[in-house]
S.K.: 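Quick one: the structure is below, and I'll ask about it shortly.
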Amino acid sequence: MGIPEIEDAGCLLCFGYNGADSHPIVARRIVRGKQKGMKIICADPRVTETARISDIHLQLKGGSNLALVNAMANVIWNEGLADKKFIDEHTKGFDEFLKVIEKYTPEYAEPITHIPAETIRRAARVYATTKPAMILYGMGVCQFTQAVDVVKGLANLALMTGNFGGPSMGIGPVRGQNNVQGACDMGALPNSYPGYQNVTVPEIREKFEKAWGVPLSDQVGCPITHVPHRILHEKEEKKRIHAYYIFGEDPAQSDPDLAEVREALDKCDFVVMQDIYMNKTGLYADVILPATAWGENEGIYTCADRGFQRVRKLIEPEGDMRPDWQIIADISTAMGYPMNYKNTEEIWNEMIDLCPSFTGATYEKIEKYGGVQWPCRDKSMEDKGTPYLHKDGIFATKDHKALFYGTDWHPPVELENDQYPMTLSTVREVGHYSVRTMTGNCRTLRNLEDEPGWVQMNTEDCEKMNLKKGELVKILSKRGYCITRCLPTDRVKPGATYMTYQWWIGACNELTTAKLDPISNTPEYKYCACRVEKIEDQQWAERHVMELYDDIRAQMGIDTGKGAKA
Amino acid sequence: MKKEIGSFVVGDSTKCTGCKACELACFTVHNRKSNHLGKTVGTVTVPVTPRLFLTKFEQGCMPIQCKHCEDAPCLNACTKGAISRIDHQVIVDAEKCIGCKDCMQACPFGAIALLPYARDGRLVGQAMSSEPKVFASKCDLCEGIEGGPACVRVCPHQALRLVDPEAEREEKNIRAAEALLLTKNWR
Amino acid sequence: MNYFVKGNPDLCIGCRTCMIGCVVAHEGKHIFEVDPDSYSFNPKLHMVKTANLSVPVQCKHCENPACMAVCPVGAISQKDHCIVIDTEKCMGCKSCMDACPFGAINMTVQTGKFQADGTEKKVANKCDLCYGFSGGPACVRVCPTEALTLVTEDELGDAMERKRAEAARNAYLETHPQE
Amino acid sequence: MALKQVQTTCAYCGAGCQIMFTVDTDANKIVEAVPADGRTNAGTLCLKGHYGWDYLNDPQILTKRLRKPMIRKGGKKSPLVEVSWEEAISYVAKRLGEIKEKFGPDSIMGTGSARGAGNEANYLMQKFMRACIGTNNVDHCARI
């Protein structure tokens, strides 16, 4: 499925995905779909823009995703709405799955999800009976310790209703950053080579050993979220990390439990940072390598629906920067493994020949057609790529059958308690991107939203604490605290708070927990316990925020003589 | 980060009956401290000098007072520096004022009056003249007086309102947006 | 008739691209070259988000504008289908802000201009339908979901005529059932 | 003023919008960005697409643009000193080589980048970690 098809779905189940803030151009398709009569079911604890225009808003309690998904599956089966023919012909493991979902009646799920049983029934019926039905999910699914289970749970819904392999159906993760899909495609993953080829499969390893001319490790590598632990607490000497080559990332801002990340970067023997702007990680780097930015170099990105598209040079870099690929090639050459490429196309050609799913996606085709959705296996101009991954219900498994996979719900790791009675979930700010070294340096985007950001709280909670819009508040968790502005809104439930993660002063990752999903190793950004405190002396707080901002900007090499606007 | 602007009091001619309770209250609260104003009739020794003006016109009446303009003509006109912005409000320093009347001419609302200056219950005189010292008097939103503007508090018909312009604007925005929901079929 | 820009809450996703578009149009493209603190960021439309509503609100360019009536210095006038503020004449008395029932007017800092006591000068700020710029209102142009439209006399007139015709047809059908 | 038009993919988010830029090649500056008719964006852009290229002008708002390689010559917490590319590259190669020698390849961690760098740079990064260093310790912020 692709982004343009969203608007032609009969039903959209939008799960933990807030397109309006993370991808306005995807949200546009949802809005257009609504205009065309698409039924929208939105599962989100907040009233998001999609929830606002939805037919059914499943305003579930944070952290109850799987209970809801299993309950929907339960209704679909028990009310005879499942596509038995599709299940028989294209899937396996359905009976085992049934055993798991048996107990998840809507009545069982109601106290867990805080959604009335009847509403769950209604949603399940609409999803199962309106064709074609599409599922979009986002970080509201992925950033929990029970992430992969929910993704599989959503896939179960699509499988049991036969919503796979055609236009405007299936299940789509909407990737956050411009090239998350691309970094995965290219094998920047501890368990796979480019093109999702597993490092533990001997034949595949041999292919890459032959192509690259060296023996390769058969051990799955370290996931990025394990790094602080592997630097600070690893007992086994062989596994301890001593050098960290950070390329285009800012773990000292974006990773959970920042205090631990800072300690790790400080203790790590050798930290290399390769980036375009100074950032928090740079304060701990032993070496800084300046790279050219988007707009100053050539290349290819992969967008959320697997489309390879060209990025082109707009202006010449002003300064002594080099393209990322060139810096890496130079280091490799200096270390005795020569890499000689004239341009990005040469690298690309080497890569596609090693990846069967990408082999046909040549620069020529991407130029000519404006983009190519992989898999694209053949170099002839006739193979224009693949809009639908599991076309006609044929899946990428050995017997071409999809596997049902059922698991039980379990609650989030850190629950509300007396000391920290509220919950914190981290979300996105529409005008800012990632750690904001790019958007924060754009004049007008900075004007729209700036430090110290906002904490979204229910109006009643604010009234209880006598908090007004724009007032500075302190927000604390077991791990740390930060200062931010209060934004009373009826779009969030009482007891819940939401913060966006790109601020330095309102840095919500001071609060978040580093507990991970056991399979995807994604942190539970969407749930931790917190407490909000009123600050009596607002004048002091405003001054304090301003001073903090100036301090950090000065650290980042900005002349703050003219004073920052906080 | 918040765009802060000055508040002001505004009258409503549809409710005002012209009873002048506002004027009297204004005078009273402003003179309680410096002029030891008594609480009973007959103890007032200084002229009754309110800072808002009950104004009659062809169709009715209403009090007129300072708007605390954001590019205040009175402030800009004052060469003596007697008018300044304190906490977003436009405030006259009576001690500094020399009574040049430039501010009165600059104000498009007629919200300023030249009034005798009294201290400790007595009019203040001046050298080389038998006339008492005067000053440009205008609404100061009852700065430092508990309970906020006295005129608003005493009006028996609720014809006066203290406006927090930005907060009211946001509320009106919301009402306008809600109205859009009703009119969306305009095409 | 005056024209106006209208937001559709069914299409709006609250992203505020319109607000930046407004500022860039009025400040001019040099905004991306100047000192980041040397211009004033004052969008002339305001994003409203309530529990079940997101939509920008802006001036309706009323035919009998309350703002124009209360302005003591004649700074608000009607020009080619829109109501505009002369910021040179405006002295920031907020009467218009108080008078406008939509909350479409706010006070904005005039960068680089100060009052006699050195404090920042603020004047009234509201939608001018991008008066004098080519391409029509910037907010309409940049909105990613086409949630904003410019309503002109012709469009409103046509719509009214269409609605009247439909109402008449419906009334006729009600009394003359089709065989 | 010599103007040229270049179409490219937006630097933000996974929607993959196409933008048409007008560039003043003499001044080496972007003049205008308008939505192009891409497969996913069909002639529309959000606020980041419309106005998010301004950071290329380096307006000195938040952080400083990195323009020269730098090394902390006096160890952690010492000031960063600007050096030549040759020195930076050979220093990194030497230190990584020493650590690999002493603690083994799995003691080195590298990241890919889900942001501006592009697919080719990510391919080279993982190839570098796997073929040159000899570890599968490479990951990126998809999890974050």
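Chain letters run A, B, ... following the sequence lines, proteins first and then strands; every chain starts at 1.
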S.K.: Below 4.5 Å from any heavy atom of chain D, which atoms of A/S192 appear? Answer side chain, backbone, both or neither.
M.R.: backbone
S.K.: Kindly give the heavy-atom pair with the smallest separation between A/A188 and D/G112, and that separation in Å.
M.R.: CB-CA, 3.9 Å
S.K.: So which of A/L216, A/T344, A/D324, A/T444 has the largest heavy-atom pair count under 4.5 angstrom toward chain D?
M.R.: A/T344
S.K.: Measure A/I327 against the heavy atoms of chain D and call it side chain, backbone, both or neither at under 4.5 Å.
M.R.: both
S.K.: Sorted by first residue and then second, give each ring pair (Phe, Tyr, Trp, His ring centres under 6.0 Å) pair with at least one member in residues 63-94 of chain D; sequence neighbours left out.
M.R.: A/F270-D/Y91
S.K.: Using non-hydrogen atoms only, which part of A/D330 is less than 4.5 Å away from chain D: side chain, backbone, both, or neither?
M.R.: both
S.K.: As an exercise: rank A/I331, A/L289, A/L314, A/V199 by heavy-atom pairs under 4.5 Å with chain D and give me the winner.
M.R.: A/L314
S.K.: Run A/R230 and D/M109 through side-chain contact (heavy atoms from CB on, under 4.5 Å) and show every step you take.
M.R.: CA-CA 10 Å; A/R230 291 273 280 267; D/M109 175 77 197; over 6 Å; no
S.K.: If I take atom SG from residue A/C442 and atom CG from residue D/N57, how far apart are they, to the nearest 0.5 angstrom?
M.R.: 8.5 Å
S.K.: Can you measure from CZ (D/R130) to CH2 (A/W212) and round to the nearest 0.5 angstrom?
M.R.: 6.5 Å
S.K.: Which one of D/D24, D/D58, D/T25, D/V81 has the most heavy-atom pairs closer than 4.5 Å to chain A?
M.R.: D/D58
S.K.: Of the backbone (N, CA, C, O) and the side chain (C-beta and beyond), which part of A/E318 lies under 4.5 Å from a heavy atom of chain D, both, or neither?
M.R.: both
S.K.: Work out which heavy atom in A/A293 is nearest to a heavy atom in D/L56; give both atom names and the distance.
M.R.: CB-CD2, 4.1 Å
S.K.: Only one of D/N119, D/N122, D/T9 passes side-chain hydrogen bond (donor to acceptor under 3.5 Å, both in side chains) with A/T302; say which it is.
M.R.: D/N119
S.K.: Between A/G319, A/P317, A/G248, which shows the greatest number of heavy-atom pairs under 4.5 Å with chain D?
M.R.: A/G248
S.K.: Working to the nearest 0.5 angstrom, can you tell me the gap between D/K76 NZ and A/L283 CG?
M.R.: 11.5 Å
S.K.: Rounded to the nearest 0.5 Å, what's the gap from CD on D/E120 to OH on A/Y301? Could you check?
M.R.: 10.0 Å
S.K.: Determine whether D/F103 and A/R240 make a side-chain contact, defined as any pair of heavy atoms from C-beta on separated by less than 4.5 Å.
M.R.: no
S.K.: Is D/L80 in contact with chain A via its backbone, its side chain, both, or neither, using a 4.5 Å heavy-atom distance?
M.R.: side chain
S.K.: Using a strict 4.0 Å threshold on nitrogen-to-oxygen distance, state whether A/R446 and D/D54 make a salt bridge.
M.R.: no
S.K.: Looking at side-chain heavy atoms only, is the closest gap between D/S107 and A/I241 below 4.5 Å?
M.R.: no
S.K.: Are A/H432 and D/K48 close enough that some pair of their side-chain heavy atoms sits under 4.5 Å apart?
M.R.: no
S.K.: Could you tell me which portion of D/L45 (side chain, backbone, both or neither) has an atom closer than 4.5 angstrom to a non-hydrogen atom of chain A?
M.R.: backbone
S.K.: Checking A/V311 against chain D: side chain, backbone, both or neither under 4.5 Å from a heavy atom?
M.R.: both
S.K.: Could you tell me which portion of A/V287 (side chain, backbone, both or neither) has an atom closer than 4.5 angstrom to a non-hydrogen atom of chain D?
M.R.: both
S.K.: Salt bridge check: are D/K102 and A/E237 linked by an N-O gap of less than 4.0 Å?
M.R.: no
S.K.: Answer yes or no: is there a side-chain heavy-atom contact under 4.5 Å between A/Y341 and D/L124?
M.R.: yes
S.K.: Indicate the atoms forming the closest heavy-atom contact of D/A42 with A/R29, along with that distance.
M.R.: CB-NH2, 3.8 Å
S.K.: Would you call A/D286 and D/R72 a salt bridge, using N to O less than 4.0 angstrom?
M.R.: no
S.K.: Is it true that the side chains of A/E350 and D/Y123 contain a donor and an acceptor less than 3.5 Å apart?
M.R.: yes
S.K.: Could you tell me which portion of D/Y51 (side chain, backbone, both or neither) has an atom closer than 4.5 angstrom to a non-hydrogen atom of chain A?
M.R.: both
S.K.: Which residue out of D/I19, D/T40, D/V6, D/I108 racks up the most heavy-atom pairs below 4.5 Å with chain A?
M.R.: D/T40
S.K.: Measure from the side-chain N and O atoms of A/R443 to the backbone N and O of D/P59, and report whether any donor-acceptor pair falls under 3.5 Å.
M.R.: no
S.K.: So which atom in A/F247 and which in D/S113 form the shortest heavy-atom distance, rounded to 0.1 Å?
M.R.: O-CB, 3.3 Å
S.K.: Looking only at heavy atoms, which two atoms of A/V430 and D/L47 are closest? And how far apart?
M.R.: CG2-CD2, 3.7 Å
S.K.: Under 4.5 Å heavy-atom distance to chain D, tell me which part of A/A27 shows up: side chain, backbone, both or neither.
M.R.: neither
S.K.: Need one label for D/E86: side chain, backbone, both or neither, based on atoms under 4.5 Å from any heavy atom in chain A.
M.R.: side chain
S.K.: Might you point out which heavy atoms bring D/Q126 and A/M186 nearest each other, and give the distance in Å?
M.R.: CG-O, 3.1 Å
S.K.: Please examine the side chains of D/H140 and A/C184, heavy atoms only from C-beta on, and report whether any two atoms are closer than 4.5 Å.
M.R.: yes
S.K.: If I measure from the heavy atoms of chain D, does A/Y193 come under 4.5 Å with its side chain, its backbone, both, or neither?
M.R.: both
S.K.: Between A/Q309 (side chain only) and D/G16 (backbone N and O only), is there a donor and an acceptor less than 3.5 Å apart?
M.R.: yes
S.K.: Looking at D/L62, D/T44, D/T8, which makes the most heavy-atom pairs under 4.5 Å with chain A?
M.R.: D/L62
S.K.: Top residue by heavy-atom pair count (under 4.5 Å) with chain D, among A/R28, A/E296, A/R322?
M.R.: A/R322
S.K.: Kindly assign one of parallel, tilted or perpendicular to the pair A/Y245 and D/F128, based on the angle between their ring planes and the thresholds 30° and 60°.
M.R.: perpendicular
S.K.: Find out whether A/S22 and D/C13 are in side-chain contact, i.e. whether some heavy atom of one side chain is under 4.5 Å from a heavy atom of the other.
M.R.: no
S.K.: Specify which of A/T439, A/D269, A/D275, A/I315 makes the most heavy-atom pairs with chain D at under 4.5 Å.
M.R.: A/I315
S.K.: Given that the side chain runs from C-beta out, which part of A/M438 has a heavy atom under 4.5 Å from chain D: side chain, backbone, both or neither?
M.R.: both
S.K.: Are A/L189 and D/D139 close enough that some pair of their side-chain heavy atoms sits under 4.5 Å apart?
M.R.: yes
S.K.: Among the options D/M129, D/Q18, D/K4, pick out the one with the most heavy-atom pairs lying under 4.5 Å from chain A.
M.R.: D/Q18
S.K.: Which atoms of A/R310 are under 4.5 Å from chain D, going by heavy atoms: the side chain, the backbone, both sets, or neither?
M.R.: backbone
S.K.: Strictly distance-based, threshold 3.5 Å: is any side-chain N or O of A/D320 a donor or acceptor partner for the main-chain N or O of D/P69?
M.R.: no
S.K.: Any side-chain heavy atom of D/N136 within less than 4.5 Å of one from A/S217?
M.R.: yes
S.K.: Top residue by heavy-atom pair count (under 4.5 Å) with chain D, among A/K239, A/R312, A/H242?
M.R.: A/H242
S.K.: Let's test your reading of the structure: which of D/R65, D/K73, D/K77, D/M70 forms the most heavy-atom pairs below 4.5 Å with chain A?
M.R.: D/R65
S.K.: Can you see whether A/N441 engages D/T63 through a side-chain donor-acceptor pair at a distance of less than 3.5 angstrom?
M.R.: yes
S.K.: Could you tell me which of D/I99, D/N28, D/V23 has the largest number of non-hydrogen atom pairs under 4.5 Å with chain A?
M.R.: D/N28
